[in-house]
Amino acid sequence: MQKILYTNARIATMVQGDTPYGLLDHGALATENGKIVWCGNRVDLPSRISSWPKHDLESRLITPGLIDCHTHVVHGGERSKEFALRLEGASYEEIARAGGGILSTLKATRSLSEDQLIDEALPRVDEMIGEGVTTLEIKSGYGLDIENEVKMLRAARRIGKLRPLRVKTSFLGAHAVPPEFAGRADAYIEEICLSALEAAHQQGLVDAVDGFCEGIAFSPQQIERVFTLAQSLGLPVKLHAEQLSNLDGARLAAKFHALSADHLEYLDEPGVAAMAKAGTIAVILPGAFYTLGEKTKPPVALFRKYRIPMAVATDCNPGSSPLFSILLTMNMACTLFQLTAEEALEGATRHAAHALGLDDCGTITAGKRADLAIWNVDHPRELSYRIGFNPLYSRVLGGDI
Ligand code: DI6
Ligand code: FE
């Protein structure tokens, strides 16, 4: 396969070390067979590589391809009516309890075929790709019966074949109690959710298992049933935890050595400590915080104190975060939660990879996949700085430009 030598580049390797962003001002980067084979200062380029076909980047910036590690981008319909209701004062929880919220997207999602779901999702996904996203996590959770959960996951996986994009799927059967089980959450978990997980796993459609631990969704005990099955199937878990209240979800996630706990606005210090001990990554989702007019911020200072890596993601969904832009998300993480611009870029690269259990992407290092984003900017902090401006020049996936 193709050998390429990128020259005249600034490179934010995102490798942890003495230099912020792992930045190389006069860098070169070589890819072969879909992998990065060399990256360093131009002057150190080995002679065996220096004759390879060159791509002069004219001082542009290379970063790892961006990773959006928490999305619900596959779904039917839209919820602008709820947007209007919230502007009139209704809360997200009130709308959910009145049968709107996730359940309204459930109806729309069930009514679409797999092909139709894909058709609705592709324009959203294309926006993401256009901002340099090379790996995208997609959750189920709007089907909430066996057939429709499997349908969502299949649609998600097919998107990864229809587009130059790496897709990772999370089973989110424990997202809401469907109307046919209203008031019988335990029965839904036992009779549907566990079987749906087994069926989806049997078809090879599940990379991780997620849940929504919240008053309007499932209790820690109910989530534990799902996680126990996930564990026995050898699947890693992650959890929507402490988004609207503190049910000790992060501690449950840590008990199962979760890849990540996500949202975390209401997390307390014991929960943070448990996550640190388990190596669970904090995924912060400023889009939902912003959309819901939340006032309580995730405990970023505690994440730093306990050295918990923070990933940053869109949470792209039709209700609480109709947000498609990973760049805007990085800006929001800085402006709303006071992340540094470096932390925001780490959150959408290195830490996002780990939140998905991936070791082969997220930094620019020899041996990793050649998943790259090339930008018309001088400094990596610019990626978090502007609002509504996309400086992407080019994107590389598995070595292909
Ligand atoms: N938390 C979220 O932010 C999304 N799911 C969840 O558990 C919201 C889903 C929705 O409102 O449709
Ligand atoms: Fe979510």
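One-based numbering, in listed order, for ligands and for the atoms of each.
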Rounded to the nearest 0.5 Å, what's the gap from CG on D68 to SG on C316? Could you check? 7.5 Å
Could you list the atoms of ligand 1 found under 4.0 angstrom from a heavy atom of H263? 1 (N), 2 (C), 3 (O)
Any Lys/Arg nitrogen of K238 or D210 sitting under 4.0 Å from an Asp/Glu carboxylate oxygen of the other? no
Atom 5 (N) of ligand 1: nearest protein contact (heavy atom, Å): H175 NE2, 2.8 Å
In terms of atom number and element, which parts of ligand 1 are under 4.0 angstrom from non-hydrogen atoms of R79? 10 (C), 11 (O), 12 (O)
Answer yes if the side chains of R42 and T7 hold a donor-acceptor pair under 3.5 Å, and no otherwise. no
Going by an N to O cut-off under 4.0 Å, is there a salt bridge joining R124 and E120? yes
Using a strict cut-off of less than 4.0 Å between a Lys/Arg side-chain nitrogen and an Asp/Glu carboxylate oxygen, indicate whether E265 and K297 qualify as a salt bridge. no
Looking only at the aromatic ring of each residue, does the gap between the centers of H263 and F289 stay below 6.0 angstrom? no
Ion pair check, K255 and E224, cut-off under 4.0 Å: yes
With distance as the sole criterion, is a donor-acceptor pair present between the side chains of H70 and D315 under 3.5 Å? yes
Under 2.8 Å from the Fe ion (ligand 2), how many protein N/O/S atoms can be counted? 4
So that I can tick it off, tell me whether D359 and K368 are bridged by a salt bridge, with the cut-off set at under 4.0 angstrom between side-chain N and carboxylate O. no
What atoms in ligand 1 come closer than 4.0 Å to a heavy atom of N317? 3 (O), 4 (C), 8 (C), 9 (C), 10 (C), 11 (O), 12 (O)
Is the shortest side-chain N to carboxylate O distance from K3 to E32 below 4.0 Å? yes
Do any nitrogen or oxygen atoms of Y142 lie less than 3.5 angstrom from nitrogen or oxygen atoms of ligand 1? yes
Could you tell me whether R60 and E58 make a salt bridge, using a distance below 4.0 angstrom between a side-chain N and a carboxylate O? yes
re atom 11 (O) of ligand 1, the protein heavy-atom contact at minimum distance is Y92 OH, 2.5 Å
Going by heavy atoms, is T105 under 4.0 Å from ligand 1? no
Who's closest to atom 6 (C) of ligand 1 heavy-atom-wise, of E214, K139, H72, H240? H240
Mode of H75 contact toward ligand 1 - side chain, backbone, both, neither (heavy atoms, under 4.0 Å): neither
What part of D315, side chain, backbone, both or neither, has a heavy atom within less than 4.0 angstrom of ligand 1? side chain
When you measure from the heavy atoms of S321 to every atom of ligand 1, does any distance fall below 4.0 Å? no
